[in-house]
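The next block holds one structure in the form of structure tokens; read it before the comments.
Note that these values count all heavy atoms, side chains included, but never hydrogens, waters or copies made by symmetry.
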Amino acid sequence: MIDKIRDYIATCPYLDEFVELNVNYLKDKAKAYSVNENAGYNPVINSYLNGDKEMQFLFSFDAKFYWNNEIQNNVDNSIFFEKFRDWLKDNYENDVYPDIKDIQPLSISAITNGFIFATNADEAIYRISCKFTYIKFKKEELNEKIHKKN
């Protein structure tokens with residue numbers, strides 16, 4: 001799942017195209033991105049009598065940016081996360097989801113605003129927590145339901 005979420009986030013037009021998007025790893029330099037699976041949550045939201053399950057995948061998107069006493073620099077960092085949040089919202093409204101086989105996407109969204117997670121002398125790690133929900137079908141019904149949708 002994390003690899004598909006990473007591929008999806010990589011399509012965000014607000015990411016610097018020359019910066020690598022990692023998984024569970026944030027380079028030790030400004031202008032770095034990472035997608036990280038959250039810990040300590042139950043992926044199953046609801047189980048249905050027919051065996052289908054409503055699932056969730058909680059993740060964070062981290063970015064390391066320059067951070068200092070220049071107001072405009074810090075405002076720009078915050079604006080980046082506003083745009084990222086709005087991009088997720090627009091994708092949800094237009095049914096643009098990660099390309100994952102054998103599931104039916106329901107929603108993707110930011111569940112927090114972008115916030116400073118950690119700092120050092122001149123860099124800050126900003127984080128935004130996100131949620132992807134989907135239906136995982138019981139195996140026997142999977143092909144039939146997916147083909148009916150398409």
Side-chain angles (χ1 to χ4, degrees), residues 1-17 19-67 74 76-120 123-150:
M1 177 74 62
I2 190 76
D3 58 330
K4 298 297 186 179
I5 296 293
R6 182 216 167 269
D7 293 346
Y8 177 77
I9 299 299
T11 68
C12 178
Y14 305 112
L15 273 61
D16 185 330
E17 65 181 304
V19 176
E20 184 178 352
L21 175 59
N22 288 302
V23 172
N24 298 321
Y25 174 75
L26 195 59
K27 287 188 176 184
D28 191 21
K29 66 177 189 170
K31 279 294 196 169
Y33 306 123
S34 180
V35 176
N36 316 289
E37 183 173 5
N38 292 8
Y41 72 94
N42 184 352
V44 179
I45 297 172
N46 201 356
S47 294
Y48 300 101
L49 292 176
N50 68 357
D52 294 350
K53 294 182 181 186
E54 183 178 354
M55 308 283 290
Q56 66 181 346
F57 183 80
L58 301 180
F59 65 97
S60 65
F61 171 70
D62 292 353
K64 188 180 282 189
F65 293 139
Y66 289 110
W67 175 72
N74 300 333
D76 289 345
N77 292 345
S78 292
I79 289 172
F80 171 85
F81 280 95
E82 288 176 23
K83 289 179 179 179
F84 180 81
R85 181 193 65 219
D86 291 345
W87 175 76
L88 287 176
K89 182 177 181 270
D90 290 345
N91 283 353
Y92 165 68
E93 290 173 351
N94 292 297
D95 293 325
V96 178
Y97 296 110
D99 184 21
I100 303 172
K101 293 183 181 183
D102 302 334
I103 66 164
Q104 178 183 338
L106 298 175
S107 69
I108 192 161
S109 63
I111 55 177
T112 66
N113 290 322
F115 60 92
I116 294 176
F117 179 72
T119 63
N120 66 25
E123 298 168 342
I125 298 172
Y126 291 78
R127 172 169 287 172
I128 190 166
S129 296
C130 304
K131 178 175 162 178
F132 175 56
T133 60
Y134 57 97
I135 298 291
K136 184 174 183 179
F137 298 111
K138 185 176 171 186
K139 296 276 186 219
E140 299 87 61
E141 301 170 4
L142 180 63
N143 287 333
E144 182 180 321
K145 288 183 180 185
I146 288 175
H147 291 298
K148 279 184 182 178
K149 183 182 176 203
N150 296 331

Partners passing side chain to side chain donor-acceptor pair (under 3.5 Å) against [X] (at least two apart in sequence or in another chain):
X    : value
S78  : none
N113 : R85
D86  : none
Y41  : E37

Practice task
Assess whether side-chain hydrogen bond (donor to acceptor under 3.5 Å, both in side chains) is satisfied between E54 and Y134, documenting all intermediate values.
Solution key: CA-CA 6 Å; E54 183 178 354; Y134 57 97; over 6 Å; no
Pairing residues for [X] by the side-chain contact (heavy atoms from CB on, under 4.5 Å) criterion, not counting sequence neighbours:
X   : answer
D16 : F18, V19, K31, Y33
D90 : E93, N94
K53 : V44, S47, M55
E17 : none

Problem - Pair F59 + F61: ring centers closer than 6.0 Å - result: no
Practice task
Can you spot which of N77, I125, N74, D76 makes a side chain to side chain contact (heavy atoms under 4.5 Å, CB included) with F65?
Solution key: N77
Search all heavy atoms of [X] against all heavy atoms of [Y] and return the closest pair with its distance.
X    : Y    : value
I128 : A110 : CD1-CB, 3.7 Å
A124 : T119 : CB-CG2, 3.9 Å
I111 : C130 : CG1-N, 3.9 Å

Fill in the blank from the handout: E20 meets the salt bridge (charged side-chain N to carboxylate O under 4.0 Å, His left out) criterion, sequence neighbours left out, with K27
Problem - For D99, all residues meeting salt bridge (charged side-chain N to carboxylate O under 4.0 Å, His left out), sequence neighbours excluded - result: none
Just wondering, do [Y] and [X] contact through their side chains at under 4.5 Å, heavy atoms?
X    : Y    : value
I103 : I135 : no
N120 : W67  : no
P98  : I108 : yes

For [X], does the [atom1] atom sit with more than 12 other heavy atoms under 6.0 Å from it, leaving out its own atoms?
X    : atom1 : value
F117 : CZ    : no
Y66  : OH    : no
Y97  : OH    : yes

Distance-only donor-acceptor hits, side chain of residues 4-15, under 3.5 Å, sequence neighbours excluded:
{"unit_1": "R6", "atom_1": "NE", "unit_2": "L21", "atom_2": "O", "d": "2.8"}
{"unit_1": "R6", "atom_1": "NH2", "unit_2": "L21", "atom_2": "O", "d": "3.1"}
{"unit_1": "Y8", "atom_1": "OH", "unit_2": "N91", "atom_2": "ND2", "d": "2.8"}
{"unit_1": "Y8", "atom_1": "OH", "unit_2": "V96", "atom_2": "O", "d": "2.9"}
{"unit_1": "T11", "atom_1": "OG1", "unit_2": "Y8", "atom_2": "O", "d": "2.6"}

Completion exercise
Residue pairs meeting salt bridge (Lys or Arg N to Asp or Glu O under 4.0 Å), one or both in residues 123-134, sequence neighbours left out, come to D62-R127
Out of curiosity, [X] [atom1] to [Y] [atom2], how far, rounded to the nearest 0.5 Å?
X    : Y    : atom1 : atom2 : value
K136 : I100 : NZ    : CD1   : 11.5 Å
N36  : S60  : CG    : OG    : 4.0 Å
N38  : S129 : CG    : OG    : 5.5 Å
F137 : Y48  : CZ    : OH    : 10.5 Å

Handout entry: Residue pair S107, T133: steps toward the side-chain hydrogen bond (donor to acceptor under 3.5 Å, both in side chains) verdict
Key = CA-CA 5 Å; S107 69; T133 60; 2.6 Å; yes
Practice task
Evaluate the ring planes of W87 and F84, with Trp represented by its six-membered ring, and classify them as parallel (under 30°), tilted (30 to 60°) or perpendicular (over 60°).
Solution key: tilted
Practice task
Might you work through the side-chain hydrogen bond (donor to acceptor under 3.5 Å, both in side chains) test for N22 and S34, ending with a clear yes or no?
Solution key: CA-CA 5 Å; N22 288 302; S34 180; over 6 Å; no
